[in-house]
Amino acid sequence: MIYKVKAYQFLTGFFYFIFLLGSAQDQRKSDSLYNIYKADTIQGIAKLELLANLAFNEVNDLNLALKYADELIRLSKQKGDYPYLSQGYFQKGNKKAQLGDLEEAVEAFFNCAEVARKNNRTQMEGSAYGAIAGIYSVSDNHKSAMLYYHKAITILRKAKDTIPLASFIMNAGDNLLMNKEYDSALVYFKESGALFEKSNYLIGKAYNLGNIGMVYANKGQNSLAEKNIIEAVKILEEFEDYYPISIYLLSMSDIYLEKGNRDVAIDYAQRSLSLGEKHHLKEQISDANLKLSELYEKAGNSLESLKHYKDFVVYRDSLNNIKAVQSMADIRTNFEVSQKQVEVDLLNQQKRNQLIILGFTVVLLLTLFWYYRTISREKKRSESLLLNILPSEIAKELKINGKVEAVNCNSVTVLFTDFVQFSTIAEHIEPEQLVKSIDHYFKKFDEITSKYGIEKIKTIGDSYMCVSG
């Protein structure tokens, strides 16, 4: 039996802030700080510090944590405080990811990486890259995920930041586990576990134990799996961190189902569902309902099975960002395009301000002419980029209608390419060089498709997909 793994997301909120706060996430700390926040008697750096602590430690109410992060971003921008701005973006991405809003999570993490890079904050930059890798991983793009994990790990090894380094090594192991590379995953987990133990970082140790339990579960070693997962849940309960507990409880449900003890399996799944509902964890509610539907079907209780399956569909459909993230062929390109649009908007605003100050009609006409040419040029560049990613008919329909209707084709030829030993090569060269090499070959593929009228569909990692009539 293959056990589903999602634990790679859990540590995205911990990596950087351990240096700022000196401790793990603690709901009790957030509760104690709330009264200070509510009194609204502090300002300046102290207010930013308070918001950073609140956004970091609030684990029971993710929407409240998101509110703290957004306020931290807004105030940091006003004060021009870039270290706290990058922290705000990072926490926003973390909370959005846990709420299932993956597109907005990716945008926040890229904003974080950009601010951190410009201000030479290597710890934060490395953590942001690792978080982006986590989004690739949840989108089942495992090769791209490992690319960004290696980038994050390389940066953090140089910075000698033990806990965030251990966290991303563990998350890279999660990605390998999801890809059924169990022995490789254990190697990563052993290294991360040793680093967590050395730093006496209990919550990191808990996640590592839970993930090792997942490996053993997938390898059919249920006794070892149960031992590690129970120990992980015990630690996490002390920190009131229920997001991973709900997932580990589902793993326990699978283990007991395989043992033939359906009643205990249902009990574990029901506990997972209760935690998800109590703390508004959409993805966990969806998965727990699906598991209960399967268990009740096996037990012959069709009524309960149907009830839980309907609930599963409702929450599954509410997680609509997952498909959108899966369709991203090049998330970095999309981010850079959005950044370019921001730059254009800023230039336009500057020009408008100049017009108000000068008040001369001639300057107004010249500026409007420049504005028209700039927008036209940027529009052409954007359309060119869109045509490079999508077939022309699809790009045109997307531009006009904002969406694309499905079209039935009776006969097509679809080509998928894949580089031999790509994963092995990726482990031994720098990410920038790897991407540059892939880009070289994909450009040649583009020349061939253009020459013979073949439609390029998309690229995913080292895969190239095209179709003809």
Side-chain angles (χ1 to χ4, degrees), residues 1-12 97 102 105-106 109 129-154 165-193 207-222 224-225 228-229 232 244 247-248 250-251 254-255 283 287 290 319 322-323 325-332 416-429 431 434-435 438 458-465:
M1 180 178 292
I2 303 301
Y3 298 92
K4 194 172 184 180
V5 183
K6 299 178 185 174
Y8 56 85
Q9 289 188 52
F10 302 156
L11 285 178
T12 54
L102 299 184
V106 165
F109 286 135
Y129 284 133
I132 292 166
I135 301 299
Y136 273 121
S137 186
V138 78
S139 305
D140 292 329
N141 192 339
H142 300 295
K143 293 179 181 179
S144 294
M146 290 307 296
L147 203 64
Y148 273 90
Y149 276 135
H150 285 153
K151 189 169 184 176
I153 291 169
T154 299
L165 173 61
S167 300
F168 284 120
I169 291 174
M170 186 192 71
N171 286 359
D174 288 333
N175 190 67
L176 291 168
L177 173 53
M178 291 176 67
N179 210 30
K180 304 179 184 178
E181 299 179 39
Y182 305 126
D183 293 332
S184 297
L186 275 177
V187 171
Y188 278 77
F189 291 149
K190 286 181 180 178
E191 182 181 1
S192 58
Y207 292 134
N208 209 69
L209 285 168
N211 296 338
I212 290 173
M214 296 265 199
V215 172
Y216 286 132
N218 278 280
K219 296 182 75 172
Q221 298 173 266
N222 288 345
L224 284 173
N228 281 276
I229 290 174
I247 292 176
Y248 291 143
L250 285 184
S251 294
D254 283 330
I255 290 171
E283 194 168 0
D287 290 343
L290 179 60
L319 295 169
I322 292 179
K323 289 185 178 180
V325 174
Q326 289 173 333
S327 68
M328 292 180 184
D330 190 346
I331 204 165
R332 182 60 179 167
F416 295 90
T417 72
D418 189 72
F419 288 91
V420 177
Q421 296 184 339
F422 179 80
S423 297
T424 303
I425 295 171
E427 293 175 357
H428 299 290
I429 65 174
L434 183 65
V435 174
I438 294 174
K458 61 181 176 179
T459 61
I460 307 176
D462 67 322
S463 299
Y464 187 100
M465 178 181 177

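Just so it is clear, the values below take in all heavy atoms, side chains as well, and ignore hydrogens, waters and symmetry mates.
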Original post:
Does the side chain to side chain contact (heavy atoms under 4.5 Å, CB included) test come out yes or no for Leu147 and Val435, once each step is laid out?
Top reply: CA-CA 9 Å; Leu147 203 64; Val435 174; 3.9 Å; yes
Original post:
Taking it one step at a time, do Asn175 and Met146 satisfy side chain to side chain contact (heavy atoms under 4.5 Å, CB included)?
Top reply: CA-CA 7 Å; Asn175 190 67; Met146 290 307 296; 3.2 Å; yes
Which heavy atom of [X] sits nearest to which heavy atom of [Y], and what is that distance?
| X | Y | result |
| --- | --- | --- |
| Ala152 | Gly130 | CB-N, 3.5 Å |
| Tyr207 | Tyr248 | O-OH, 3.3 Å |
| Ser137 | Met178 | OG-SD, 3.6 Å |
| Tyr216 | Ala225 | CB-N, 3.7 Å |
| Gly461 | Ile438 | O-CG2, 4.1 Å |
| Ala131 | Phe168 | N-CE2, 3.6 Å |

Give, for atom [atom1] of [X] and atom [atom2] of [Y], the distance between the pair rounded to the nearest 0.5 Å.
| X | Y | atom1 | atom2 | result |
| --- | --- | --- | --- | --- |
| Ser463 | Lys458 | OG | NZ | 10.0 Å |
| Tyr136 | Ile460 | OH | CD1 | 10.5 Å |
| Ile169 | Asp174 | CD1 | CG | 12.5 Å |
| Ile429 | Leu434 | CD1 | CG | 4.5 Å |
| Tyr149 | Ser144 | OH | OG | 12.0 Å |
| Ile229 | Ile247 | CD1 | CD1 | 11.5 Å |

Side chain to side chain, [X] and [Y], heavy atoms closer than 4.5 Å:
| X | Y | result |
| --- | --- | --- |
| Met170 | Phe189 | yes |
| Thr459 | Met465 | no |
| Asp140 | His142 | yes |
| Met214 | Leu177 | yes |

Original post:
Think Lys219 forms a cation-pi with Tyr182, using NZ or CZ under 6.0 Å from the six-ring centre and within 45 degrees of its axis?
Top reply: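 Because its charged atom misses either the 6.0 Å distance or the 45° angle limit, Lys219 does not stack over Tyr182.
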Original post:
Hey, mind stepping through Tyr464 and Phe416 against ring pair (Phe, Tyr, Trp, His ring centres under 6.0 Å) and telling me if it holds?
Top reply: CA-CA 6 Å; Tyr464 187 100; Phe416 295 90; over 10 Å; no
**OP:** Check for a donor-acceptor pair, side chain of Asp462 on one end and backbone N or O of Phe419 on the other, with a separation under 3.5 Å.
**Re:** yes
Original post:
What pairs with Glu181 under side chain to side chain donor-acceptor pair (under 3.5 Å), at least two apart in sequence or on another chain?
Top reply: Asn179
